Amino acid sequence: MSVTSQSPAALAYTPAVAEATRPLYDRIRHVIPEVEWPFHAPLVHAINRLKAERNAVILAHNYQAPEIFHTVADIVGDSLALARKAAETKADIIVLAGVHFMAETAKVVCPDKIVLMPDMSAGCSLADSITPADVRLLRQKFPGVPVATYVNTSAAVKAESDICITSGNAVEVIESLPGDEVLCIPDQYLAKWVATQTTKKVHTWTGSCEVHERFTGDQLAAYRRQFKGDITIIAHPECPPDVLAEADFVGSTAKMQDYVEGTQPKRVLLITECSMADNLAVQNPAVEFVRPCNLCPHMRKITLSNILSSLTTLEPRVEVDPAVADRARLAVERMLAVGRK
Ligand code: 13P
Ligand code: SF4
């Protein structure tokens with residue numbers, strides 16, 4: 001029987017489902033209690049069958065919940081990896097287990113594919129902080145200064161930009177631009193951090209991430225006191241400067257992952273969205289993660305249930321006006337070309 005013709009009542013935790021999903025549960029048993037698995041397993045099983053029927057792939061950001069990240073996702077990573085791998089996939093359908101700007105980026109680089117966003121209201125405080133009209137005004141205020149725009153923006157804002165950046169490549173991309181000034185928008189904290197890594201004059205905007213701006217340098221200092229200095233602090237560049245000043249390492253979610261995998265610190269304080277610590281804990285069982293839990297409310301809107309529903313109905317679809325997409329694609333492709341050089 002095709003999965004699409006199954007009724008929701010058929011989604012039971014049968015012995016066959018338990019058997020088929022056992023290897024997936026074994027991956028995440030350290031972070032998902034066994035008592036919860038009977039609720040997830042039928043959905044996981046149905047999603048994985050339906051993906052194969054539909055020739056679909058699921059892209060999941062590093063902040064996605066472990067029961068999605070480790071059991072149904074085909075492509076995982078930071079915003080840069082998701083943009084790169086969306087451009088390469090041979091699937092007909094992309095399901096974005098992330099937030100809306102990530103789904104728009106996938107649609108911009110793959111205009112002929114169906115891009116599904118299981119909950120259209122999964123937004124981002126950074127993407128909401130700036131409009132295309134704001135970018136046009138900035139260009140008037142800083143004539144001739146290149147506009148480097150964080151991927152955490154709408155396609156319409158990307159379309160007004162010269163090039164995109166992510167937290168994984170911001171310094172490299174900005175260094176590749178002509179001139180000794182740059183507009184690095186809309187995240188004021190990412191821009192301030194970039195300014196410490198380049199000789200260029202960096203102008204910015206007032207946007208911020210509602211998850212990362214809540215951390216403070218005082219909190220980090222308190223953790224160092226609590227663990228008598230026996231702790232490695234890793235922070236995302238969307239955090240305020242006093243937080244980054246307290247950190248031992250600053251990097252995108254992919255760079256945080258590489259740092260933990262490469263150095264295997266005894267105890268890590270991960271200053272970012274806290275599902276990331278669950279996902280890294282699965283892959284690094286020898287590392288103790290201290291988890292101050294700041295969750296992204298937008299990422300949490302994506303669930304196994306709405307992924308299954310989206311794959312079943314092939315709705316809701318993300319569409320981008322083709323004229324906007326053509327201009328946004330130029331900015332994204334310029335960024336990807338810097339990485340290929
Ligand atoms: P990266 O995964 O690119 O570091 O981005 C973090 C983030 O906040 C995405 O929304
Ligand atoms: Fe946006 Fe911050 Fe959530 Fe990332 S973590 S999607 S930047 S609000």
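Both ligands and their constituent atoms are indexed starting at 1 by order of listing. Being a predicted model, the structure only gives us computed values, none of them experimental.
For T253, a nitrogen or oxygen atom sits less than 3.5 Å from a nitrogen or oxygen atom of ligand 1, counting backbone and side chain alike.
Protein heavy atom at the shortest distance from atom 3 (Fe) of ligand 2 is C296 SG, 2.4 Å. Taking atom 7 (S) of ligand 2 as the reference point, the nearest protein heavy-atom neighbour is N152 ND2, 3.2 Å.
When distances to atom 1 (Fe) of ligand 2 are checked against a cut-off of 2.8 Å, C124 contributes an N, O or S atom below that limit. Put simply, C209 stays out of reach of atom 3 (Fe) of ligand 2, with no N, O or S atom under 2.8 Å from it.
For ligand 1 and S252, the ligand atoms under 4.0 Å from any heavy atom of the residue are 4 (O). Taking every non-hydrogen atom of D78 and a distance limit under 4.0 Å, the qualifying atoms of ligand 1 come out as 1 (P), 2 (O), 3 (O). Listed by atom number, the atoms of ligand 1 under 4.0 Å from S79 heavy atoms are 1 (P), 2 (O), 3 (O), 5 (O), 9 (C). With ligand atoms numbered from 1 in the order given, ligand 2 contributes 5 (S) to contacts under 4.0 Å with heavy atoms of V211. Applying the 4.0 Å criterion to heavy atoms of L126 picks out, from ligand 2, the atoms 7 (S). Residue contact check: H236 has heavy atoms under 4.0 Å from atoms 1 (P), 4 (O), 5 (O), 6 (C) of ligand 1. Taking a cut-off of under 4.0 Å to the non-hydrogen atoms of S125, the atoms of ligand 2 that pass are 8 (S). Contact atoms of ligand 1 toward M102: 9 (C), 10 (O) (distance under 4.0 Å to a heavy atom of the residue).
Side chain to side chain, S252 and H236 fail the donor-acceptor criterion of an N or O pair below 3.5 Å. Y189 and T204 are not linked by any side-chain donor-acceptor pair at a separation below 3.5 angstrom, with hydrogens and angles left out of the test. A side-chain donor-acceptor contact under 3.5 Å links D92 and N55. In summary, the side chains of E210 and H298 do present a donor paired with an acceptor at a separation below 3.5 Å, with no hydrogens or angles considered. There is no side-chain donor-acceptor pair under 3.5 Å between E315 and S310. Residues Q264 and Y259 bring no donor and acceptor atom of their side chains to less than 3.5 Å of each other.
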Check the pair C124 / C209 against disulfide bond (SG atoms under 2.5 Å apart), numbers first and verdict last. CA-CA 8 Å; C124 170; C209 162; over 6 Å; no
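Among V243, D242, I231, L244, the single residue meeting the side chain to side chain contact (heavy atoms under 4.5 Å, CB included) criterion with L220 is V243.
Around atom 8 (O) of ligand 1, the closest heavy atom drawn from H298, Q257, E238, M256 belongs to E238.
Distances shorter than 4.0 angstrom occur between a heavy atom of H61 and an atom of ligand 1. Using a 4.0 Å heavy-atom cutoff, E273 is absent from the residues neighbouring ligand 1. Residue contact annotation: N152 has a non-hydrogen atom under 4.0 Å from ligand 1. Residue contacts with ligand 1 include S167, since one or more of its heavy atoms lies under 4.0 Å from the ligand.
In this structure, F227 and Y223 have parallel ring planes: the angle between them is below the 30° cut-off, well short of the 60° mark.
Connection of V173 to W193 is established within a shared hydrophobic cluster, with ILVMFWY side chains joined at heavy-atom distances below 4.5 Å, either directly or through further cluster members.
For the pair V44/E67, no side-chain contact is recorded, criterion being any heavy-atom separation below 4.5 Å from C-beta on.
Salt-bridge check for E53 with K51: failed, with every basic side-chain N at 4.0 Å or more from each acidic carboxylate O.
With a 4.0 Å heavy-atom cut-off, ligand 2 is reached by the side chain of E238 but not by its N, CA, C or O.
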